[in-house]
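Note sheet for the following structure.
Chain identifiers are assigned alphabetically (A, B, ...) following the order of the sequence lines, protein sequences preceding nucleic acid strands; residue numbering begins at 1 within each chain.
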Amino acid sequence: MQIKATMADAYKLIHEGIQALARAERQGIRIDIPYCERVKKRLTRRINRLERKFKEMELYRLWEKVFRAKTNIYSNDQLSYLLYRVMKIEPPKFTAGGKGATDEEALSQIDVPGVGIIVKIRKLLRVRDTYLEAFIKEQTDGYIHPFFNLHTVRTFRSSSSDPNFQNIPKRDKDAQKICRRALFPRPGHRLVSMDFSALEVMISACYHKDPNMLAYLRDKTSDMHLDMAKQIFIFDSLDRSIPAHALLRQATKNGFVFPQFYGDYYGNNARYLADWVKLPQGRWERGMGIELPDGSHISDHFIANGIKEFGTIKEVRGRTIATGFLKHVQEIENDFWNRRFKVYNEWRKRWVEEYRKRGYLRMLTGFTCSGVMKKNEIINYPIQGSAFHCLLFTFNRLDEAMRKEKWDSRLVGQIHDEIVMDVHPDEFEHVERTAHRIVRKELPAAWSWIIVPLEIEVEAFEIDGPWVK
DNA sequence: GGAACTCGCCAC
DNA sequence: AAACGTGGCGAGTTCC
C-alpha cells in the first residue's frame with residue numbers, strides 16, 4: 001500500500017529545510033582568495049594573448065570593416081551577423097529567437113579561421129568571471145556563503161545564488177580543477193561529498209513501479225545503460241573485453257536513456273549518438289567513426305548489420321518515415337517504451353490524463369503543482385521534486401544529528417542530489433555511518449512509498465585539501 | 001542608468 | 001501532435 005505524504009508533511013519538510021539550509025549558509029565554505037586573484041591574473045594574460053592572436057586574423061579585419069568603432073568580438077549578435085549575413089554561411093543551427101546560433105556546437109561546424117579562438121576565449125572568460133570573480137565578490141573573511149532557496153523552483157526543488165553553488169564546473173576537467181581548487185574546508189578538516197546513486201531514476205520507479213525498471217534498480221549486477229548500448233550499437237555482448245564499451249555505454253546513457261526520460265525523441269538521440277561515435281549525418285563508408293578492438297571501425301560494424309547511412313525523417317501523408325540509423329533508433333525507442341518499460345509508459349499516459357482532468361498534480365512527498373503544464377513538464381515535475389525531497393530529508397536529519405550530538409563537522413551545501421560537508425577527521429566515520437543510516441533506514445521508514453534501495457556514495461577529500469582530487 | 005530581454009553555458 | 005526537465009549568471013542589447 002502506497003501512502004503519499006500529506007501537505008502538512010510537505011510543509012514540515014520545507015520548514016525544517018529552510019532552517020537547516022540557513023545554518024549551512026551561515027557556516028559557508030572557505031575560499032582561497034589569494035589563489036583566486038592569482039589565477040584570475042593568469043587567465044587575463046591568456047585571454048589577452050588570444051585576443052591579440054585573433055586581431056591578426058582575416059575575420060577580425062572584416063569585423064572592423066563592418067562594425068567600425070562599434071566592433072566588439074564578445075558580441076554574439078555581431079558574430080552572427082558577420083558569419084551568416086556578411087559571409088553568407090548557412091547557419092548550422094538557430095537560436096530559440098530564430099537567429100543563426102553562435103554557440104560552440106554551431107561554431108565547431110564552421111570552417112572559418114578564428115572562430116576556434118572565440119570558443120577558447122569564452123571558456124577562459126567563463127571560469128574567470130562567472131566563478132573566480134564571483135567568489136572574490138561574494139567572500140567575507142575568507143568564506144563564501146551561497147544561498148539555498150526553496151521558494152523559487154516550480155518543481156519544489158532548490159536553487160542557489162550569490163554565488164551559485166550548484167553549477168561549479170565538474171565535467172570539463174580543466175575548468176573543474178581551476179574552480180574547485182579555490183574551495184577548502186576549515187583548517188584541519190576535510191570536505192566530504194555524498195552523492196545519491198541514480199536518484200531520479202529510483203524515484204521515477206516509485207511512481208510508475210515498472211517491474212523491469214525495478215529489477216534493474218534492485219539488482220546491482222544488472223546495467224540498464226549497458227543493455228541499451230548493446231541494442232543501439234548491435235552487440236550481443238558488450239563488456240570490458242571491448243575497450244570502447246565504456247564510451248558506448250556513456251553515449252547511450254547521455255544520448256538516449258536520460259533524454260528519453262526527460263521526453264526527448266529518437267531524432268535528437270540519433271544525432272547525438274552518431275556525433276559521439278564520430279559518424280557523419282550523411283552516407284556511411286567503411287573506415288568511418290571510432291575504432292573497435294579488431295582494428296575495424298564502427299561504420300563497418302553498422303554496415304555489416306544493414307545500417308548504411310545516418311538517414312532522414314520524412315513526412316508522407318501525415319506519417320513519419322525514417323530511414324537508416326534514424327529508423328534504427330526509432331525502433332529502439334518504440335521497443336524501449338512499448339516492451340522494455342511498458343508499465344512506465346502506461347504510468348506516463350495515466351499521469352498526464354489525470355493532470356488534465358484535475359488541473360494539478362500531487363507528488364508522493366505531499367507537494368501540489370498547479371498551473372498550465374506541457375506533457376513533459378507534467379511527467380518530470382513530480383520525479384524531479386520528490387528526488388530532491390529525499391535529499392532535503394537527509395540534509396535535515398544530518399543537521400539534527402549535528403546539533404544534538406554537537407558535531408564539530410558542518411553541512412555547507414547541497415547540489416540537488418549531493419550533500420557537501422566540512423568534516424572533522426575524527427568524526428568522519430561517524431558522519432558517514434549516520435548518513436548511510438538515514439538514507440538506508442530512516443528515509444524509507446518515514447516514506448513508505450520508497451520501494452527502491454536508496455544509496456549514497458561518500459567521497460572524502462584531503463585534510464586541508466581543496467574540493468578536487 | 002536601470003529593467004527586461006536574448007544568448008550561451010555551467011550544474012543536476 | 002510533439003519533439004529535453006529544472007535552475008543562475010555574465011555579457012550584450014534594447015527600451016524607457
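Within 4.0 Å of A:Asn380, counting heavy atoms only, lie sugar-phosphate atoms of the nucleic acid but no base atom. A:Gly267 comes within 4.0 angstrom of no nucleic acid atom, judged by non-hydrogen atoms across all strands. Among the protein residues, A:Gln260 comes within range of no part of the nucleic acid, since none of its heavy atoms lies under 4.0 Å from any strand. Nucleic acid contact class of A:Tyr74 (heavy atoms, under 4.0 Å, all strands): sugar-phosphate only. Residue A:Ala175 is classed as having no contact, given no heavy-atom separation below 4.0 Å to the nucleic acid. Heavy atoms of A:Lys99 sit under 4.0 angstrom from primed sugar atoms or phosphate atoms, though from no base atom. Residue A:Ser80 is out of contact with every strand shown, counting any heavy-atom pair closer than 4.0 Å. Among the protein residues, A:Ile168 comes within range of the sugar-phosphate backbone only, with heavy atoms under 4.0 Å from sugar or phosphate atoms but none that close to a base. Across all strands, A:Ser160 comes closer than 4.0 Å only to sugar-phosphate atoms, never to a base (heavy-atom distances).
If you take atom C1' in C:dC4 and the same atom in B:dC9, they sit 16 Å apart, rounded to whole Å.
Separation of the A:Phe325 and A:Phe302 ring centroids falls under the 6.0 Å cut-off. Aromatic ring centres of A:Trp276 and A:Tyr272 lie closer together than 6.0 Å. If you look at A:Phe256 and A:His225, their ring centroids are not closer than 6.0 Å.
Residue-to-nucleotide contacts include no donor-acceptor pair under 3.5 Å from the side chain of A:Arg154 to the base of C:dT6.
Here the P atom of nucleotide C:dC4 and the CG atom of A:Leu273 are 16 Å apart, to the nearest Å. A straight line from OH of A:Tyr131 to P of C:dC9 spans 10 Å, rounded to a whole angstrom. Remark: C1' of B:dT6 and CZ of A:Phe94 are 16 Å apart, rounded to the nearest angstrom. Atom CD in A:Gln78 sits about 9 Å away from atom C1' in C:dG12, given to the nearest Å. If you take CG of A:Asp129 and P of B:dG8, they are 18 Å apart, rounded to a whole angstrom. The separation between A:Lys374 atom NZ and C:dA1 atom C1' is 14 Å, rounded to whole Å. In this structure, the CD atom of A:Glu377 is 10 Å from the C1' atom of C:dT6, given to the nearest Å. Rounded to whole Å, atom C1' of C:dT6 lies 13 Å from atom CE of A:Met373.
In this structure, of C:dT6, C:dG7, B:dG8, it is B:dG8 that holds the atom nearest to the side chain of A:Thr102. Counting only heavy atoms from C-beta on, A:Thr155 has its side chain closest to C:dT6 among C:dC9, B:dC12, C:dT6. When each of C:dC4, C:dG5, C:dT13 is scored by its nearest atom to the side-chain atoms of A:Asn268, the top-ranked nucleotide is C:dC4. Taking the side chain of A:Ser159 as heavy atoms from C-beta on, and the options C:dG8, B:dA11, B:dG8, the nearest nucleotide is C:dG8. With B:dC9, B:dC12, C:dC9 as the candidates, the nucleotide lying closest to the side chain of A:Asp417 is B:dC12. Of the candidates B:dC12, B:dG8, C:dT13, B:dC12 carries the atom nearest the A:Arg157 side chain, counting heavy atoms from C-beta on. Relative to the side chain of A:Asn164, the nucleotides C:dC9, B:dC7, B:dC12 differ in distance, and C:dC9 lies closest. Nearest to the side-chain atoms of A:Asp103 among the listed nucleotides C:dT6, C:dT13, B:dC9 stands B:dC9. Taking only side-chain atoms of A:Asn376, from C-beta outward, the nucleotide of B:dG8, C:dC4, B:dA11 with the closest atom is C:dC4. Distances were taken from every side-chain heavy atom of A:Ala96 (C-beta onward) to each of B:dC7, C:dC4, B:dG8; the shortest belongs to B:dC7.
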(message) I'd like to know whether A:Tyr84 forms a side-chain hydrogen bond (donor to acceptor under 3.5 Å, both in side chains) with A:Thr102, so could you lay out the CA-CA distance, the side-chain angles of the two residues, the decisive distance to 0.1 Å, and finally the verdict.
(response) CA-CA 10 Å; A:Tyr84 307 132; A:Thr102 57; over 6 Å; no
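With contacts defined as side-chain heavy-atom distances shorter than 4.5 Å, the pair A:Leu59/A:Phe54 qualifies.
An OP1 or OP2 oxygen of C:dG5 is reached within less than 4.0 angstrom by no side-chain nitrogen or oxygen of A:Tyr381. Listed pair A:Lys170 / B:dC12 meets the phosphate criterion, a side-chain N or O lying under 4.0 Å from OP1 or OP2. Between A:Asn72 and C:dA11 there is no side-chain N or O to OP1 or OP2 distance below 4.0 Å. OP1 or OP2 of B:dC7 lies within a sub-4.0 Å distance of a side-chain N or O belonging to A:Thr95. For the pair A:Arg171 and B:dC10, the criterion of a side-chain N or O lying under 4.0 Å from OP1 or OP2 is not met.
Stacking between A:Tyr262 and the base of C:dG5 is present: ring centres sit under 5.5 Å apart and the planes differ by under 30 degrees.
Atom CD of A:Glu462 has 12 or fewer neighbouring heavy atoms from other residues, nucleotides or ligands inside a 6.0 Å radius. Enclosure of atom CG in A:Asp141 is not indicated, since only 12 or fewer non-hydrogen atoms of other residues, nucleotides or ligands lie within 6.0 angstrom.
Each of A:Thr320 and A:Leu125 was matched to the nucleotide of DNA chain C holding its nearest heavy atom; the match closer to the 5' end belongs to A:Thr320.
Counting only N and O atoms by type, the side chains of A:Ser158 and A:Gln414 include a donor and acceptor under 3.5 Å apart.
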